[in-house]
Amino acid sequence: MFSKRAKAPKPTREDKKDRKIPLSKYARGGRISSTIGLCNLALFFLTITMSVMEDGKSGMYIGIIVIVTFISAIMG
């Protein structure tokens, strides 16, 4: 009534090497995204520090840095 299943042969090392999934292109994108994120975080804290040091009268340069940081965060 019930048929017995045949056991699959145990995979050898060569079989495992053939089944390896190439993830290098995905890992590279993650590294780039993480690097962009760390740079954005550093720029964000830099703008806060500069604004505090100048008592909130930092001018247009801080605004430009914040806009560039925001655009870079979207790209990352």
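Just so it is clear, the values below take in all heavy atoms, side chains as well, and ignore hydrogens, waters and symmetry mates. Numbering starts at 1 and runs along the sequence shown.
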Hydrophobic cluster of Leu38, others only, ordered by chain and residue number, side-chain cut-off 4.5 Å: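 Besides Leu38, the hydrophobic cluster comprises nothing; the residue is isolated.
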
Test side-chain contact (heavy atoms from CB on, under 4.5 Å) applied to Ile71 - qualifying residues, sequence neighbours left out: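 Partners of Ile71 under the side-chain contact (heavy atoms from CB on, under 4.5 Å) test: Ile67, Met75.
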
Residues 40-52, side-chain donor-acceptor partners within the protein, below 3.5 Å, at least two apart:
from, atom 1, to, atom 2, distance (Å)
Asn40, OD1, Ser72, OG, 3.0
Asn40, ND2, Ile36, O, 3.3
Thr47, OG1, Leu43, O, 3.3
Thr47, OG1, Phe44, O, 2.7
Thr49, OG1, Phe45, O, 2.8

